[in-house]
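Some notes on the structure that comes next.
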Amino acid sequence: MRNNEIAQILMEIGEHLAMRGENVFKIKAFEKAAQVIGEMERELTNIYKEEGIKGLEEISGVGPSIAGEIEELIKTGKSKYYEKLKKKEPVNLGELMRVEGLGPKGIKKLYDELEITNLEELTKAARAGQIGKLKGFGKKSEEKILRGIEFVKKSGGRFLLGQITAQVKEIEDSLKELKEVEKIIAAGSFRRRKETVGDIDFLVTSNKPEKVISFFTTMPLVVMIAAKGETRAAVKLKSGLNVDLRVVPEESYGAALNYFTGSKEHNITLRQIAIGKGYKLNEYGLYDGEKQIAGRTEEEIYKTLGLQYIEPEIREATGEVDASRHNKLPRLIGYDDLRGDLQIQTTWSDGAASIEEMAREAMKRGLEYILITDHTKRLAMTKGLDEKRILEQMAEIDDLNLKFKINNLKFRILKGSECDILKDGSLDLPDEVLEKLDIVGVSIHSFFNLSREEQTARVIKAIKNPHADILFHPTGRLINKRPAIDLDIEEIIKVAKEIGTVMEIDAFYDRLDLKDDHIRMCVNAGVKLAIDSDAHSPSHFSMLEYGVAQARRGWAERKDVINAWPLEKMLSMLKH
DNA sequence: GCCGTTTTCGGCCCGACTGTTTTCAGTCG
């Protein structure tokens with residue numbers, strides 16, 4: 001059993017306990033354990049295999065009781081405790097909890113009064129006006145639920161890229177082990193690094209397709225085989241993810257890869273170009289009459305069509321083919337180009353590690369500098385910093401930088417803040433404190449539903465503060481969960497250009513904010529970007545990869561991204 | 001249920017907002 005499955009069950013246990021009004025701290029204990037496990041890099045199964053239940057108990061947030069649950073889950077794949085809770089309230093928490101504004105208590109009430117167990121029943125009841133009549137709910141709650149359902153359904157069925165990367169890698173690695181497999185790659189929107197992915201398409205070359213297919217359909221992760229033929233199979237995984245596998249001959253690999261990577265619209269454009277040259281392009285190759293003239297590699301196909309090679313991330317039929325034809329494609333920022341990270345939380349607010357721990361991890365990952373950006377006081381729930389504590393934190397950073405220097409470590413910790421933007425657009429810390437910081441990020445964490453005019457004016461006022469350098473997660477969206485705030489993004493970009501504000505690409509996989517088309521607007525306008533992990537623990541530095549992917553999807557080059565620059569150059573371009 | 005320069009019991013990031021109330025429960029972050 002994988003970590004994320006165990007985490008999901010622990011989370012649901014917590015939610016069930018919350019439904020029955022159990023002790024809040026007991027509930028929090030399950031949530032905390034679920035969160036820690038969800039972020040762990042090492043598999044619990046391995047820890048248990050090597051160190052037994054003792055190893056499990058050493059994990060922070062896991063005590064004897066939860067360790068026992070985990071042991072049972074690893075050994076039997078089930079938890080009696082969880083099953084028992086689920087029997088009492090047999091509701092689909094995974095579905096219902098995604099509806100904004102609906103929590104455990106509400107779900108319990110809806111089950112007790114109306115026997116609602118899933119999204120479909122919830123939709124029916126809300127449409128029939130049954131929910132508004134319940135005590136504790138009203139017309140407004142009913143409308144909010146309907147809007148929430150609409151949002152869940154619209155995003156429905158798609159997984160976040162960051163949620164499935166580990167699964168994809170696991171399948172890829174185990175297939176690679178097979179000696180019958182020559183080449184293997186995950187194509188589709190996964191390869192284009194879209195923020196959400198509907199299913200996974202694996203492409204394999206092999207001389208013995210039947211061996212590969214039989215291995216694929218009997219992997220332990222598989223719960224259902226949807227299709228199984230001579231060159232193609234489709235399965236459903238425990239996680240709900242659908243995975244396709246196609247085996248193609250070596251000479252068609254490039255053509256098949258191109259075809260299955262998409263996007264569909266991109267492929268159509270390529271086929272039209274082929275037709276224009278008197279050729280035919282399909283998933284087996286590029287043909288001049290009966291003769292295959294390209295198809296072994298993608299590069300060969302683009303070249304034969306008279307095009308520059310186009311990176312998968314921008315194959316969305318948004319002008320890339322034209323640019324390619326005229327040799328005007330951008331040189332996209334590379335996955336190894338980042339030199340620093342400009343949004344990091346620590347134990348000073350809601351992060352899980354100290355400044356030094358985060359700095360050492362960043363060094364390990366090859367970064368040269370990080371900006372510490374703990375929350376500010378308005379976000380009291382995160383222990384946000386006030387004027388006094390941020391000065392103390394600055395002293396600690398000075399000490400650490402000195403220590404690194406003495407030890408000959410070429411690494412710099414910068415002083416910063418994720419300063420809250422208040423309702424009226426003013427900032428949560430006074431100017432005389434902000435001016436002492438190296439870089440100031442500002443961001444919104446409240447009043448998400450102001451009108452477009454109010455929200456835009458609020459953000460503009462905030463970034464116009466002479467000390468504000470970067471606008472963090474500008475639209476505040478949580479993918480598949482919370483819509484973006486209503487913002488005139490073009491106006492924001494215009495102002496950002498005038499006054500030199502940097503726009504952030506928050507790389508955390510459920511934010512990816514700015515999103516790809518906004519990034520492209522910034523690039524076109526000449527507004528600089530920062531790709532930040534928004535790390536709350538050392539393992540979160542891996543988020544940067546998703547941020548770079550998003551930047552590439554937005555056609556960003558290294559010159560557009562300030563933390564891909566050396567420290568001094570980066571600092572000199574900021575407005576204060 | 002977890003945890004311990006408060007150490008085996010008694011704490012546990014907790015304030016703001018919303019919609020429902022008419023003094024507060026539920027949800028969010």
Side-chain angles (χ1 to χ4, degrees), chain A residues 9-37 53 56-71 79 81-82 85 93 96-110 112 131-148 151 345-352 374-386 389 418 420-424 428 443-450 472-473 476-478 481-483 485 506 508 510-511 513 534 536-537:
Chain A
I9 288 174
L10 293 177
M11 184 60 92
E12 286 195 20
I13 290 178
E15 286 158 358
H16 274 289
L17 296 175
M19 285 181 7
R20 10 177 99 187
E22 275 271 0
N23 177 303
V24 213
F25 297 111
K26 184 170 170 180
I27 297 162
K28 293 235 159 162
F30 277 98
E31 286 173 355
K32 168 92 193 301
Q35 189 216 338
V36 170
I37 288 164
I53 197 153
L56 297 176
E57 282 186 42
E58 272 168 27
I59 300 163
S60 128
V62 176
S65 174
I66 292 181
E69 291 301 321
I70 298 172
E71 179 179 42
S79 149
Y81 184 45
Y82 172 62
L85 290 167
L93 285 172
L96 294 175
M97 285 293 291
R98 281 177 60 196
V99 178
E100 215 196 343
L102 209 49
K105 286 284 166 61
I107 292 172
K108 167 129 172 79
K109 178 131 203 146
L110 292 170
D112 288 345
I131 292 174
K133 291 186 196 130
L134 289 181
K135 199 163 176 241
F137 289 87
K139 257 283 82 38
K140 282 203 171 169
S141 304
E142 188 171 87
E143 281 163 21
K144 185 167 185 197
I145 287 173
L146 277 170
R147 279 198 307 275
F151 191 73
Q345 274 68 235
T346 71
T347 45
W348 281 83
S349 65
D350 62 348
D374 279 296
H375 290 289
T376 54
K377 61 191 180 198
R378 201 213 68 91
L379 275 185
M381 66 256 186
T382 66
K383 295 184 295 178
L385 304 183
D386 58 15
R389 286 184 69 224
E418 177 172 9
D420 223 68
I421 299 175
L422 306 181
K423 188 178 183 188
D424 67 353
D428 199 19
S443 61
I444 283 181
H445 296 100
S446 62
F447 300 100
F448 291 109
N449 50 6
L450 299 182
F472 281 169
H473 50 71
R477 71 164 180 170
L478 293 174
K481 191 150 184 215
R482 183 179 68 202
I485 54 173
D506 188 313
F508 218 97
D510 63 350
R511 286 193 182 270
D513 181 8
D534 199 355
H536 284 64
S537 82

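Nothing here was measured: the structure is a model prediction, and the numbers come from that model. Here is the naming used below: chain letters follow the sequence lines, and residue numbers restart at 1 for every chain.
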When all nucleic acid strands are considered with a 4.0 Å heavy-atom cut-off, which category describes A:I59: base, sugar-phosphate, or nothing?
sugar-phosphate
Checking A:E12 against A:Y82: is there a side-chain donor and acceptor pair closer than 3.5 Å?
yes
Return the pairing partner of B:dT8 with a 3.5 Å limit on both distances, Watson-Crick or G-U wobble; otherwise return none.
none
Rounded to whole Å, please give me the gap between CG in A:D350 and C1' in B:dG15.
14 Å
Could you pick out which residue, A:K144 or A:A67, lies toward the 5' side of DNA chain B when each is mapped onto its nearest nucleotide?
A:A67
Among B:dG26, B:dC17, B:dG1, the one nearest any side-chain atom of A:F447 is B:dC17
Using the C1' atom in both, what is the distance from B:dT21 to B:dG26, to the nearest Å?
13 Å
Is there side-chain contact between A:K377 and A:D428, with heavy atoms separated by less than 4.5 Å?
yes
Distance check, C1' atoms only: B:dC12 and B:dC24, in whole angstrom units.
23 Å
Atom CG of A:N23 and atom C1' of B:dC12 are separated, to the nearest Å, by 9 Å
By nearest atom, which of the nucleotides B:dT18, B:dG26, B:dG1 is closest to the A:N449 side chain?
B:dT18
What nucleic acid atoms does A:V24 come within less than 4.0 Å of, heavy atoms only: base, sugar-phosphate, or nothing?
nothing
Using a cut-off of 4.0 Å on non-hydrogen atoms, how would the nucleic acid contact of A:K108 be classed: base, sugar-phosphate, or nothing?
nothing
A:K28 side-chain proximity, nearest of B:dT27, B:dG29, B:dC17
B:dG29
Looking only at atom P, what distance separates B:dT22 and B:dG11, rounded to whole Å?
34 Å
Span that lies between the C1' atom of B:dT20 and that of B:dA25, in whole angstrom
9 Å
Between B:dT6 and B:dA16, how far is it from one C1' atom to the other, in whole Å?
30 Å
Given B:dG29, B:dT20, B:dC2, which nucleotide is nearest the side-chain atoms of A:H445?
B:dG29
Looking at A:S141, does any N or O in its side chain come under 4.0 Å of the phosphate oxygens OP1/OP2 on B:dT20?
yes
What's the closest nucleotide to the side chain of A:P104 if the choices are B:dG29, B:dT27, B:dT18?
B:dT27
Using the C1' atoms only, state how far B:dT8 lies from B:dT23, rounded to an integer number of Å.
39 Å
Plane angle bin for A:H536 and A:H375 - parallel if under 30°, tilted between 30 and 60°, otherwise perpendicular:
tilted
When A:S446 and A:E57 are each assigned the nearest nucleotide of DNA chain B, the 5'-most assignment goes to A:E57
Using a strict threshold of under 4.0 Å (side-chain N to carboxylate O), is an ion pair present between A:K383 and A:D350?
no
Looking only at B:dG29, B:dG1, B:dC13, the nucleotide nearest the A:S65 side chain is B:dG1
Counting side-chain heavy atoms from CB outward, which of B:dT18, B:dC2, B:dA16 is closest to A:R378?
B:dA16
Side-chain contact check for A:K383: nearest option of B:dG26, B:dG19, B:dC13 is B:dC13
Using the P atom as the reference point in each nucleotide, state the distance between B:dC17 and B:dC2 in Å, no decimals.
35 Å
Salt-bridge present (A:D420, A:R378; N to O < 4.0 Å)
yes
List the atom pairs, with distances to 0.1 Å, where a side-chain N or O of residues 13-36 of chain A and a protein N or O form a donor-acceptor pair under 3.5 Å, not counting sequence neighbours.
residue: A:N23; atom: OD1; partner: A:F25; partner atom: N; Å: 2.5
residue: A:N23; atom: OD1; partner: A:K26; partner atom: N; Å: 3.1
residue: A:Q35; atom: NE2; partner: A:E39; partner atom: OE2; Å: 3.3

Against the side chain of A:F30, the closest entry in B:dT18, B:dC13, B:dG1 is B:dG1
